[in-house]
Every structure is written in C-alpha cells, then in structure tokens.
There are 2 protein chains.
Amino acid sequence: MGESKNTEETILEAAQTVFIRKGLDGARMQEIADEANINKALLHYYFRSKQKLFDAVFSKVLSGTFNEMRAIFQGGLSVEHAIKRFADSYIDTLIKNPYIPEFVIHELNKDPEALKKTVSQNLPDISPFLRTIQKEMEEGKIIEMEPKQLLMNTISLCIFPFVGRPIVTQILFEGDEQEFYQTMERRKKDVSDFILNAIKT
Amino acid sequence: MGESKNTEETILEAAQTVFIRKGLDGARMQEIADEANINKALLHYYFRSKQKLFDAVFSKVLSGTFNEMRAIFQGGLSVEHAIKRFADSYIDTLIKNPYIPEFVIHELNKDPEALKKTVSQNLPDISPFLRTIQKEMEEGKIIEMEPKQLLMNTISLCIFPFVGRPIVTQILFEGDEQEFYQTMERRKKDVSDFILNAIKT
DNA sequence: ATCTAATTTTGCCAAATGGTTAAACTAATT
DNA sequence: AATTAGTTTAACCATTTGGCAAAATTAGAT
C-alpha cells in the first residue's frame, strides 16, 4: 500500500500543532494539510471531518495530560513527596509543552457539553490523595486547611504561569521569553518550598 | 436622531458577551447582532469590521482587568495588606466575571503580536511592589525568596481556579458549579492565609 | 503481467460568513 | 412641510472554507 511512513500519525501531529496554536475555530484544514505536507482531501479520507480530527487530537492530548497527574496523586505518596514530585515533573513537562493547558482549557470553556464525555473518561481520581492530606492533618504533620484548597493551590502554582505565559512574561519579564523559562526552571523547586513552608506545623 | 437608547454601548456589551463565550474566531457577526437585537449591517455601520469591533471589546476588557491590579500593587501597601487586598478584591471580581481571564489569555496566546500594543498600553507597573517585597525581606519581616516568584504565586492562586474552572470543577467538585463558587468565596480568605503562612519568618 | 484494494491527488461545489450598497426611516431644525 | 443629518434595514456580493466525487497512483497478491 502506498504510504510514505505513517500518514495517520503525521496528520495527527500536524493537526495537534495547528489546533493548539489556533484553537478549533481558528484552525484551517488547509493549514493542517500544509503542516503535514499532504493534500487537504487526504485529511478527510483519514478522519472524515474537521470535528472528528479535532476529537482525536483532543482526546490524545487530554489523556497524556491526565495520565501524569493520575500517576502522582494515586501513587500513595506522602503529602510532601507528592507535592515535590508533582511540582518537579509537571513543571518540567510544561516547559516542554507550554501551550497544552491553555488549549485544553479554551476548548472546554467554549463548549463544555460537547467534550464532557472525553473529559470524564480521562479524569484522574484524586480522592486517595485528599484522604492522605486529611490523615496527615489529623496526625498534626501539616496545618489544618481544606484539603481541596491545598490541592487547588498546588495545581494553580504549577500550571498558571504557563497558561498566562503571554501576560506573565510581559508584566514580570518585560517580554523576555528566555527569562520566563529560566524562572520556570528554578520554580520547580521554589513551588514545593513555598507550599511545604505554608503547610508545616 | 433615531436611536433606542445607546446603540454603540448596546453593541459593545453584546459583542463582549459573544466574544468572551466563543472567542474571536468562534464568534459570528450574526450572533452578536442577535444578542444586541439589531441588524447585522448595523454592526458594520458602527464598527466598520469584526476586527475593529473585537479590538474595542478587547481593549475595554483589558483596561478593566488591569486597572484593579494597578490600584493594588502601586498603592504603597505593605506586603501583607497588598496580598490580603488583592486576594479579596480580585477573587471577588472573578466570581462575578469568571470568563474574562480565559478570554484574554486565549486571544493573547493565539496572536501575541497583534495585541501587543493594546497590552503594553494597559500594563500595570509592578516594580514598586517588588521593591516593597525586597525591603521587607531585608528587614526580616518575611522569608527570603525571589520577589517575582512571590508575586507570581499570588496571581496564580487567585486567577487559576477561574481560568481552569471547567476542569477544576470536574476534578474537585464532580461537576457541581455551585460548590465551586462556594469554595471560591471561602478562598478569598484561604489564599491570603496560605501565602502569609508561607512567607512568615 | 494482471488484478485488486488501499491510498493520494485533482478539481470542484454548496454553505457560511464578513462585508457593502442603496434605499427607507426617524427626528430635530428651519 | 421641507430639509437635513443620523440611523436602521433589506438585499446582495465575494471570499473562504469544509467537504466530496472521481480519476490517478501505488504496491502487494495471484
């Protein structure tokens, strides 16, 4: 059969690049075809429609994003270790893929119903980690606070700078992208220091 | 002259509603016209083009967003008071306008160059607050850390839950929006407690 | 070599969409 | 009432865009 390497995978990668950059509405099938160095009709041959191609990309991105989160929060780690590991590995991933969170969030914001199924299929269960937090609070290892607020704080501190990168870079680094990324490297450690300091008894 | 009340303002509000919900690319001029209960051609009469209408909306939203930030961080408050006030008033604003941050961030992410001018015209100058942080560290009032990381943490903790609201609501509240907003009410206080705990000597 | 099935390209279409034009309407002014 | 300037509408146009049908090509099987 006539194929250069793996056309389907090539298309998916090109589509991911374009969709992440422009969003579903902003992306053009022609642009995806160009990015993949193929003909526009070929996109429809492999994925029927723009929507189906988008769904494939979105699902792939979403599962990748959540798998990492699941591995950490369902791993039975202590609060300290989970936070350290989350900050370190998640910020590391985001330095390499800074556009993913904004992409997911925007599409979800625009049409929550349409993507609800895809989301719920991938959603990590964080209740084990919430119980660990609860337990350590009762043991007096960390201060008392709502476990959900602690988890929300951890996630916020890691992800927000990347979601808000364009503004953050302007306000704090006068537009210097490189300085932004250098600060993120240091932030892997700074975030867990900050959180652990805030919750130590 | 024949006008119902203030057509221009009506259009701007309708456009803001639709642009925030769908983004520039997802919004349709017809939908904006419907939202404003007017004819599509009237949009062009008042604002020439979709792009110009969008620019007007974006600029208005951006200045509103940054004015509040500027007032707090340029107000010469102590670190403790500035953080308390920022968390309280910003989260309060976001409870009322939860879609604004994601809107601004998405458009900025999609086309940073096109909006650079609008952004830089409204950008708050946070250097006074960074100096205040520096000073209080030297006086031993708060622990040593990069002032920019502290500011980034403050902003992240306040804004992220709203930007990531669709996912956060799913993961932490099983999709219950009301519980999300109740948690945000409590969060006004929780965020400043958390930060002040993290930086106290 | 021929046949067959999968893949790729060419050329095209119908619908959607941003935008324009000219006519119609409204209300203050004279 | 006639004029005039500003406002609103209806009808239409040009372009873009997602999508499709049919021809062309490729490569493995017989």
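Proteins get letters first, then strands, A, B, ... in listed order; numbering begins at 1 in each.
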Can a side chain N or O of [X] be found less than 4.0 Å away from OP1 or OP2 on [N]?
X: His44(A); N: dC20(D); result: no
X: Arg28(A); N: dG18(D); result: yes
X: Tyr45(A); N: dT7(C); result: yes
X: Tyr46(B); N: dT8(D); result: yes
X: Arg48(B); N: dG19(C); result: no
X: Thr7(B); N: dT7(D); result: no

Look at all strands and tell whether Ala33(A) reaches a base, only sugar-phosphate, or nothing, counting heavy atoms closer than 4.0 Å.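 No contact at all - Ala33(A) keeps every heavy atom at 4.0 Å or more from the nucleic acid.
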
Please state how far atom [atom1] in [X] lies from atom [atom2] in [N], giving the value in whole angstrom units.
X: Leu53(B); N: dG19(C); atom1: CG; atom2: C1'; value: 13 Å
X: Gln51(A); N: dT17(D); atom1: CD; atom2: P; value: 17 Å
X: Phe47(B); N: dG18(C); atom1: CZ; atom2: C1'; value: 16 Å
X: Lys50(B); N: dT16(D); atom1: NZ; atom2: P; value: 15 Å
X: Ile32(A); N: dG19(D); atom1: CD1; atom2: P; value: 11 Å
X: Gln30(A); N: dT9(C); atom1: CD; atom2: C1'; value: 13 Å
X: Leu42(A); N: dA21(D); atom1: CG; atom2: P; value: 16 Å
X: Lys52(A); N: dG18(D); atom1: NZ; atom2: P; value: 16 Å

What nucleotide, of dA21(D), dT9(D), dG19(C), holds the atom closest to the side chain of Ala41(B)?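 In terms of side-chain proximity for Ala41(B), the closest of dA21(D), dT9(D), dG19(C) is dT9(D).
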
Measure from the side chain of Met29(B), starting at C-beta and using heavy atoms only, and say which of dT9(D), dG19(D), dG19(C) lies closest. dG19(C)

Mind checking whether Phe73(B) and Phe129(B) have parallel, tilted or perpendicular rings, split at 30° and 60°? tilted

Would you call the rings of Phe103(B) and Phe54(B) parallel, tilted or perpendicular, where under 30° means parallel and over 60° means perpendicular?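 Answer is perpendicular, since the angle exceeds 60°.
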
Could you check whether any side-chain N or O of Ser59(B) sits under 3.5 Å from a backbone N or O of Ala56(B), counting only pairs where one atom can act as donor and the other as acceptor?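 No, because the side chain of Ser59(B) does not come within donor-acceptor range (under 3.5 Å) of the backbone of Ala56(B).
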
Treating Glu136(B) as the side-chain partner and Val79(B) as the backbone partner, does any N or O pair qualify as donor plus acceptor under 3.5 Å? yes

When you look at CD of Glu174(B), are more than 12 heavy atoms from neighbouring residues, nucleotides or ligands closer to it than 6.0 Å?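 At most 12 heavy atoms, drawn from other residues, nucleotides or ligands, come within 6.0 Å of this atom.
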
